[in-house]
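Let me begin by presenting the structure, written as structure tokens, before commenting on it.
Chain A is the first sequence line, chain B the second, and so forth, proteins listed ahead of strands; every chain is numbered from 1. Only a predicted model underlies this, so the values are computations on that prediction, with no experimental measurement involved.
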Amino acid sequence: MAAGAQVGFAETVFAVVRGIPAGRVATYGDVARWAGSPGAARRVGWALNRSGGVEPPVPAHRVVNRWGGLTGAVHFPGPGGMEAVLAAEGVETEGGRVLHFAAVRFDPASDICTQRQGTKTT
DNA sequence: CATCTGACCTAGT
DNA sequence: AACTAGGCCAGAT
């Protein structure tokens, strides 16, 4: 505990990821941004890599990449584990990709579906 | 000890 | 509108 010992980056990431309700997903970039490092999306993945055995368990399966792809599915145990879990939470997935991604995307900064335009304008 | 990759994203050209 | 390059930190070889 040394003074100034701010919460580890991974801790913040875990906290944010744990803040994602079931049936909703978030992206690495956004999580990284909420964690305090807008460009360190890579670290988020690395942090989640260590999420195994952490208590309380971190729903890493709710974290997907920018296009809603289950990039980390390969790191999940069991056959089709990630999609199975997401399906159990109410998230539809197809071909290793999240359906209605923009609809299930969770924004801790907004609490709920406050879709902000900017990324996609058709 | 040095180098590279890694659950990626953002910005600039 | 698309592509390239850079960035971020740590673990692993």
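- Contact check for A:His100 versus A:Glu92: side-chain heavy atoms found under the 4.5 Å cut-off.
- Rounded to whole Å, atom C1' of B:dC9 lies 9 Å from atom CZ of A:Arg33.
- The gap from the P atom of C:dG6 to that of B:dT5 amounts to 15 Å, rounded to the nearest Å.
- With sequence neighbours left out, the side-chain hydrogen bond (donor to acceptor under 3.5 Å, both in side chains) criterion links A:Thr12 to no other residue.
- A:Gly45 comes within 4.0 angstrom of a base, heavy atoms only.
- Checking each of A:Val25, A:Leu70, A:Leu99 against A:Thr93 for a side-chain contact (heavy atoms from CB on, under 4.5 Å) leaves exactly one that passes, namely A:Leu70.
- Put simply, CZ on A:Arg66 is 11 Å from C1' on B:dC8, counting in whole angstrom units.
- Pairs of residues two or more places apart, or lying in two chains, that qualify as side-chain hydrogen bond (donor to acceptor under 3.5 Å, both in side chains) and include a residue from residues 38-58 of chain A are A:Ser37-A:Arg43.
- In this structure, A:Thr71 reaches the sugar-phosphate backbone alone: every heavy-atom distance under 4.0 Å involves primed, P, OP1 or OP2 atoms, never a base.
- In this structure, the separation between CG on A:Asn65 and CZ on A:Arg97 is 9.0 Å, given to the nearest 0.5 Å.
- Applying the side chain to side chain contact (heavy atoms under 4.5 Å, CB included) test to A:Ala22 and every residue at least two apart in sequence or in another chain returns A:Arg62, A:Glu89.
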Give me, pair by pair, the N or O atoms of the protein and of nucleotides 4-6 of chain B that are less than 3.5 Å apart, along with how far apart they are.
| from | atom 1 | to | atom 2 | distance (Å) |
| --- | --- | --- | --- | --- |
| B:dG6 | N7 | A:Arg42 | NH1 | 3.2 |
| B:dG6 | N7 | A:Arg42 | NH2 | 2.9 |
| B:dG6 | O6 | A:Arg42 | NH1 | 3.0 |

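- The OH atom of A:Tyr28 lies 3.5 Å from the OG1 atom of A:Thr71; values are rounded to the nearest 0.5 Å.
- A:Asn65 comes within contact range of the sugar-phosphate backbone alone, with a heavy-atom separation under 4.0 Å but no base atom that close.
- Atom OG1 of A:Thr27 sits about 6.0 Å away from atom CZ of A:Phe101, to the nearest 0.5 Å.
- Where DNA chain C meets chain A (any atom under 4.0 Å from a heavy atom), the bounding nucleotides read 5' to 3' are C:dG7 to C:dG11.
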